[in-house]
Amino acid sequence: MSFETELTRLRSGDLEALTALVERYQNRLYRYLLRLVKQPSVAEDLFQQTWLRVMERISNYDPERNFEAWLFSVAHNLTIDHLRRYRPESLDEPLPSGHTREELLPGTDPSALEKLLVGERKTWIADAITELPVVYREVVTLRFEEEMKLEEIATVLAVPLSTVKSRLHRGLKGLRRLLEKKSEIGAQL
Amino acid sequence: MNEHAEIRELLTLAASGALNADEQRRVEEHLGGCAACKAEFDVWCRITGALQELPTPAAPVGLVERTRRQLVNQAAARKELRWNHLVIGCLIVLGWALTFLTWPVMQLLGDKVAQWLDIPFTTVTLVLIVYTSTAWLATWVVAVLLGRRYQQEGRSV
């Protein structure tokens with residue numbers, strides 16, 4: 001069944017078409033939610049809520065719009081509501097690692113970082129992403145893992161394109177600083 | 001901010017493929033003549049490359065099936081809700097129709113009913129008023145109870 005056919009059937013309330021889409025997007029949507037909330041059980045719960053919300057609102061979906069952007073915007077809104085309710089996070093708040101946001105400015109010596117990137121230590125990168133503030137973490141994961149265009153990310157987040165660029169820039173700088181810290185620690189071990 | 005510093009600020013977005021054509025051209029021209037910025041750009045490219053190659057965590061086994069069951073349950077609940085709304089709507093229309101029909105019928109047949117039952121006409125009228133009031137009161141109670149039930153269902157879905 002083609003994607004367009006699935007969408008058409010979904011809009012007419014076909015539950016089988018919705019299940020096919022759940023299967024199609026299961027890994028990507030779960031990964032996105034897991035990157036944001038970090039806890040697998042919460043990501044699972046939000047995953048289910050997202051599809052329930054999709055079923056509720058599918059009649060409002062404009063087929064001219066990008067379905068992926070719409071789907072991820074539904075997930076984004078539910079996740080932000082969850083984070084506000086259970087884990088209010090301020091940009092000025094210290095990170096779990098103990099660093100403040102100001103400390104996430106990039107360093108100047110890339111040598112230790114280059115060693116890290118060359119080595120088999122990609123898990124460090126995945127760990128470092130989880131330490132980024134959620135607003136940066138989200139843009140980084142949408143851009144590089146979901147491979148969305150900046151315009152699509154702006155649609156998902158309902159923010160201007162300039163905000164997406166700014167968050168991407170700051171997110172990458174923060175990530176680099178975290179990686180450099182990790183590579184320094186790794187070098188000392 | 002000089003040209004060198006401006007380009008440095010664009011390197012993250014350049015490595016992310018997030019610059020417009022003019023900005024990208026400007027960065028590339030600068031990188032052609034600046035080894036320090038080229039080295040910095042290469043580091044950013046390796047970071048963004050590593051991000052693109054991160055393994056995708058697989059969704060837990062059974063998540064799709066659990067989601068499908070929830071969707072089926074919700075679809076059934078919504079269908080029942082729509083059916084209930086339809087039934088209530090029909091009952092309301094029937095109630096109004098009976099109310100409006102009762103009084104003309106009463107005017108036509110009230111005397112005959114009173115004579116047949118051998119009671120005063122005012123008693124028949126009184127019985128009808130009590131009957132109508134009781135029926136409408138019962139309708140309001142049912143409507144309130146149903147409304148509260150729907151609210152609870154809405155929270156649990």
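Throughout, a chain's letter reflects where its sequence line sits, starting with A, and its residues are numbered from 1. For the numbers below, each heavy atom of this structure counts, side chains included, while hydrogens, waters and symmetry mates do not.
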Would you mind checking which part of [X] comes under 4.5 Å of any heavy atom in chain B, side chain (CB onward), backbone (N, CA, C, O), both or neither?
X: A:Val54; answer: neither
X: A:Tyr30; answer: side chain
X: A:Leu33; answer: neither

Tell me, do [X] and [Y] make a side-chain contact under 4.5 Å, heavy atoms counted?
X: B:Leu71; Y: A:Val22; answer: yes
X: A:Leu52; Y: B:Thr67; answer: no
X: A:Ile125; Y: B:Ile47; answer: no

Would you call B:Arg68-A:Glu23 a salt bridge at under 4.0 Å N-O?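 Judged by the 4.0 Å cut-off on N to carboxylate O distance, B:Arg68 and A:Glu23 do not form a salt bridge.
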
Partner chain B: residue of A:Gln26, A:Glu147, A:Glu44 with the largest heavy-atom pair count (under 4.5 Å):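 So the answer, after comparing A:Gln26, A:Glu147, A:Glu44, is A:Glu44.
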
Which one of A:Arg35, A:Arg28, A:Glu145, A:Lys165 has the most heavy-atom pairs closer than 4.5 Å to chain B?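 Most pairs with chain B among the choices: A:Lys165.
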
Over all heavy atoms of both residues, which pair between A:Arg143 and B:Gly17 is shortest? Give the atoms and the distance, please.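 It is NH2-O, 3.3 Å.
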
Go through the atoms of B:Leu13 and report whether side chain, backbone, both or neither lie under 4.5 Å from a heavy atom of chain A.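 Side chain only.
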
Non-hydrogen atoms of chain A under 4.5 Å away: do they reach the side chain of B:Arg78, the backbone, both or neither?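 Looking at B:Arg78, just its side chain touches chain A.
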
Looking only at atom types and distance, does a side-chain atom of A:Arg176 sit under 3.5 Å from a main-chain N or O of B:Trp44, one as donor and one as acceptor?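 Looks like no, no N/O pair under 3.5 Å.
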
Just by modelled atom types, is the B:Ala59 backbone N or O under 3.5 Å from a matching donor or acceptor in the A:Asn27 side chain?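 Side chain of A:Asn27 to backbone of B:Ala59: a pair is present.
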
State yes or no: do [X] and [Y] share one hydrophobic cluster built from I, L, V, M, F, W and Y residues joined by side-chain heavy-atom distances below 4.5 Å, directly or via other members?
X: B:Leu109; Y: B:Val127; value: no
X: B:Leu128; Y: B:Leu126; value: no
X: B:Leu81; Y: B:Leu91; value: no
X: B:Leu94; Y: B:Val141; value: no
X: B:Val113; Y: B:Phe121; value: yes

Report the distance from atom [atom1] of [X] to atom [atom2] of [Y], rounding to the nearest 0.5 Å.
X: A:Phe47; Y: B:Arg66; atom1: CZ; atom2: CZ; value: 10.0 Å
X: B:Leu51; Y: A:Leu172; atom1: CG; atom2: CG; value: 6.5 Å
X: A:Leu179; Y: B:Arg46; atom1: CG; atom2: CZ; value: 12.5 Å
X: B:Arg69; Y: A:Thr19; atom1: CZ; atom2: OG1; value: 12.0 Å
X: B:Gln70; Y: A:Met55; atom1: CD; atom2: CE; value: 9.5 Å

B:Tyr131 atom OH, over 12 foreign heavy atoms within 6.0 Å: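 Counting other residues, nucleotides and ligands, OH of B:Tyr131 stays at 12 neighbours or fewer.
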
Any donor-acceptor N or O pair under 3.5 Å, side chains A:Arg31, B:Thr56: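 There is such a pair between these side chains.
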
